[in-house]
There are 2 protein chains.
Amino acid sequence: MATLSVPATVPCPSEDVERLHKAFEGWGTNEGLIISILAHRNASQRKLIREAYSSAYGEDLLKALAKELTSNFERAVHLFTLDPPERDAYLANEATKKFSSSNWVLIEIACTRSSDDLFLVRRNYHTLYKKSLEEDVAHHTSGDYRKLLVPLVSSYRYEGPEVNTTLAKAEAKILREKISDKAYADDDLIRIVATRSKAQLSATLNDYNNEYGNAITKDLKDDPKDDYLKLLGATIKCLTCPEKYFEKLLRLSINKMGTDEGALTRVITTRAEVDLQKIKEEYYRRNSVPLDRAIAKDTHGDYEKMLIELVGHE
Amino acid sequence: MATLSVPATVPCPSEDVERLHKAFEGWGTNEGLIISILAHRNASQRKLIREAYSSAYGEDLLKALAKELTSNFERAVHLFTLDPPERDAYLANEATKKFSSSNWVLIEIACTRSSDDLFLVRRNYHTLYKKSLEEDVAHHTSGDYRKLLVPLVSSYRYEGPEVNTTLAKAEAKILREKISDKAYADDDLIRIVATRSKAQLSATLNDYNNEYGNAITKDLKDDPKDDYLKLLGATIKCLTCPEKYFEKLLRLSINKMGTDEGALTRVITTRAEVDLQKIKEEYYRRNSVPLDRAIAKDTHGDYEKMLIELVGHE
């Protein structure tokens, strides 16, 4: 369930484009006008706006926005305006240029998008960067990280509801053995996590929980300083309960000393059109504060306004 | 360049379907009629024929063919009639149920198809088998084989012509070091082979050849009894010179004691619409005998006729 709200009557793209252009003109930018348009159009509407802007003014709307806006507000508008698979390709490419912390972005894109959407990200990656996503991921990582990340970003999981309970039992046992041996980067463990359908993996993890008395994510908290282990835990959360994963990411990005705008902006802009409603509910359940109020407390100005428009008011 | 010949005026699908149905009727089957139709229609025409047959007679054409035909002839007609991505999904699924020799089929499909075609194979695999190709490949293999095969079948390589010569030089050096150390399943070696674009990989291998005085495929012939090493060599051939790979496969399937109909049928039916003309030329260059004559000498009856119609007469 999305939080994005689109007006009942949407102006035609050429009207939106004209108003956007006006918002850029003269002294000072009309940020409110920009937000009122772009934060309330869905992906296909934004695509048409970008095309219309480019043919009306001979400039990419994103470049025009970059000239007018700054800092976190600019990034939020930029990310949200991008078409979702192009946005994911962009975020993934940024991630392959940074060190390990950015591996979380890769995990998110690989594990919380649908199989077809992940494929579209890979196709957009070709167009934008003249390379494949997996070659950049493989090149930027090594060792256990590479072993886990490359199959995840290359996966095209089956998405049907079918579950093989015998297989679930057998693979729960394999996972248990490997985790008991602390063989967290074992071939079979990674094979199960990286290739099984989400329905099958959930059945396996339920079996694990029933049979061995502990959720696998608990058993993976063996060494809180081990970044690979944290990443493996995040992978499993992204695959089986994405809204909990995103809730925690928001919680950590808002509640810590100094807001982590990178994560905050990414979660809001990438989920507003997908499942931000569920994430909000999860956030309220866990924190007893509505997400919009938590964000408003931690951010300010146009950046705050943009995020709140995407999150929706309670 | 394909060898498939389609008549200048193609009958409409309903006409073809009626004639096929007639070929199945009464005592004995009119194999010649079946060949004259199915061996001379392209993929989209065959698709329309299958659809028209199903709506006219309430039965899948492939099932009707299976009732009428037998043995190698049946398999050749069956494979050729299938839509290419569905055929590849079918062949790959067969391969995941057998032991290591069938890994060659997986390599062929993963490395000689275009990136988009390989993706279509994966999508067809979901529909047909309610699983993903990579999960079956990962499940059916282990060790070095899995390490090589899973990223290959999951790849979505960039296909542009751009080449980074500095990178080619650096990666040729890596390949050389790993091969000198006999580390044939090294992470970086597999990363380079499994993720780089074919153009980039060719540049790297040219650099290897220039710098170290030997083609990499020569250097991989270290131990002719090592099946993994043979598979790695085949992978590189499929990626960089598929027609040479297929020529050799045909040569070995025809010339050995007892024809290898499995490989022969597979190569002819999967390449007739793609590059069989180039493979034929390579075959003649290497064997001084036209491919159609070699096939005619080694096969007989309707099976021979079907293959020859697909290969074309010199």
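Model, not experiment: these values are computed from the prediction. Reminder, nothing fancy here: chain letters follow the sequence lines and each chain counts from 1.
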Inter-residue atom distance A/H126.NE2 - B/E159.CD, 0.5 Å rounding: 7.0 Å
Closest heavy-atom pair and its distance - A/T195, B/S132: O-OG, 3.7 Å
Close side-chain approach of B/Y158 to A/L133, heavy-atom, < 4.5 Å: no
Pair B/K147 + A/D187: basic N to acidic O under 4.0 Å: no
Residues of residues 196-206 of chain A near chain B, each having a heavy atom less than 4.5 Å away: A/R196, A/S197
Interatomic distance, B/K131 atom NZ to A/L167 atom CG [nearest 0.5 angstrom]: 9.0 Å
Region of A/D116 in contact with chain B, defined by heavy-atom distances below 4.5 Å: side chain
Chain A contact via B/T127 - side chain, backbone, both or neither, heavy atoms under 4.5 Å: neither
Region of A/S142 that comes under 4.5 Å of a non-hydrogen atom in chain B: neither
Gap between atom NE2 of B/H139 and atom CZ of A/R191 - 0.5 Å precision: 5.0 Å
Side chain to side chain, B/E134 and A/P151, heavy atoms closer than 4.5 Å: no
Atom NZ of B/K230: over 12 foreign heavy atoms under 6.0 Å: yes
Aromatic ring pairing A/F119/B/F119, orientation class (parallel under 30°, perpendicular over 60°, tilted between): parallel
Which portion of A/R123 sits near chain B, non-hydrogen atoms under 4.5 angstrom: both
Max heavy-atom pair count under 4.5 Å with chain B, selected residue of A/S154, A/G160, A/S115: A/S154
